[in-house]
Structure formats: C-alpha cells, structure tokens
**Student:** 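What follows is a single structure, and I will ask about it in a moment.
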Amino acid sequence: MNTLDPKEIREGDDVYVIYRNPHAATVANIQKAEIVQHPENKNDVALFIHESYHLIGEDDALFPTEQDAQQAYNEIFDYEQDD
C-alpha cells in the first residue's frame, strides 16, 4: 500500500482518501479529493472534498491512486472483493 507524505503534497495534486460519512459512522467510502490552497492560510494547503475544505493532519492517509486506497480499505475493513 502506497501512501503520500502530507508534507510533500502540492496544490493541484489529486489524492484518494477513505472518507467516513459524518452522519453514519459505520459507512466509509473511497473518495477522490483535490489539494488546494488553504482558504485562510495562503502558505498552506487543504484537502477539498464534498465542497468543503479539510485541514490535513500528520496522521491522515492520502493515497496517490484509487487502487492504493482500495487496498488500504480492504485491510482496514477486512473486506475481500471477488473479481
């Protein structure tokens, strides 16, 4: 599984995240997100997903591809997908 270092991402990068639904704690999906300029701190970046800005923490898992995110999702949720 390949993750990105939050310190090395740049504005304009596309990333994939495992996003938990804030209204249903047991629901998580893989979502594509964009790295954008932070709306309040012009020297920082933020994650833009679902029309909202999210601060990026040191422990956030950002994936370069959907396949990397899917692999992590499968490991986290112990999910086996039949091909």
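Keep in mind it's a predicted model, so treat the numbers as computed, not measured. Note: hydrogens, waters and symmetry copies are ignored here, and every other heavy atom, side chains too, is used.
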**Student:** How many angstroms lie between CD1 in Ile30 and CG in Asp68, if you round to the nearest 0.5 Å?
**Tutor:** 10.0 Å
**Student:** Keeping to residues at least two apart or across chains, list the salt bridge (charged side-chain N to carboxylate O under 4.0 Å, His left out) pairs with something in residues 13-33.
**Tutor:** Asp14-Lys32
**Student:** Taking only distance into account, with no hydrogens and no angle test, what donor-acceptor pairs under 3.5 Å do side-chain atoms of residues 37-46 form with protein atoms, sequence neighbours excluded?
**Tutor:**
unit_1: Gln37; atom_1: NE2; unit_2: Lys42; atom_2: O; d: 3.3
unit_1: His38; atom_1: ND1; unit_2: Glu40; atom_2: N; d: 3.0
unit_1: His38; atom_1: ND1; unit_2: Asn41; atom_2: N; d: 3.1
unit_1: Asn41; atom_1: OD1; unit_2: Asn43; atom_2: N; d: 3.0

**Student:** Quick one: side-chain contact (heavy atoms from CB on, under 4.5 Å) partners of Asp5, sequence neighbours excluded?
**Tutor:** Lys7, Glu8
**Student:** At their closest point, which heavy atom of Ala28 faces which heavy atom of Ile18, and how far apart are they?
**Tutor:** CB-CG2, 4.1 Å
**Student:** Under 4.5 Å side-chain heavy-atom separation, chaining through any Ile, Leu, Val, Met, Phe, Trp or Tyr, what else clusters with Phe48? Say none if it is isolated.
**Tutor:** Val36, Tyr53
**Student:** According to a 4.5 Å side-chain heavy-atom criterion applied to Ile, Leu, Val, Met, Phe, Trp and Tyr, with indirect links allowed, do Phe77 and Tyr16 form part of one hydrophobic cluster?
**Tutor:** yes
**Student:** Gln31: what forms a side-chain contact (heavy atoms from CB on, under 4.5 Å) with it, not counting sequence neighbours?
**Tutor:** Val17, Tyr19, Asn29, Ile49, His50
**Student:** Got a second to check how far Asn2's CG is from Gln67's CD, nearest 0.5 Å?
**Tutor:** 11.5 Å
**Student:** What distance do Ile9 atom CD1 and Leu62 atom CG have between them, rounded to the nearest 0.5 Å?
**Tutor:** 5.0 Å
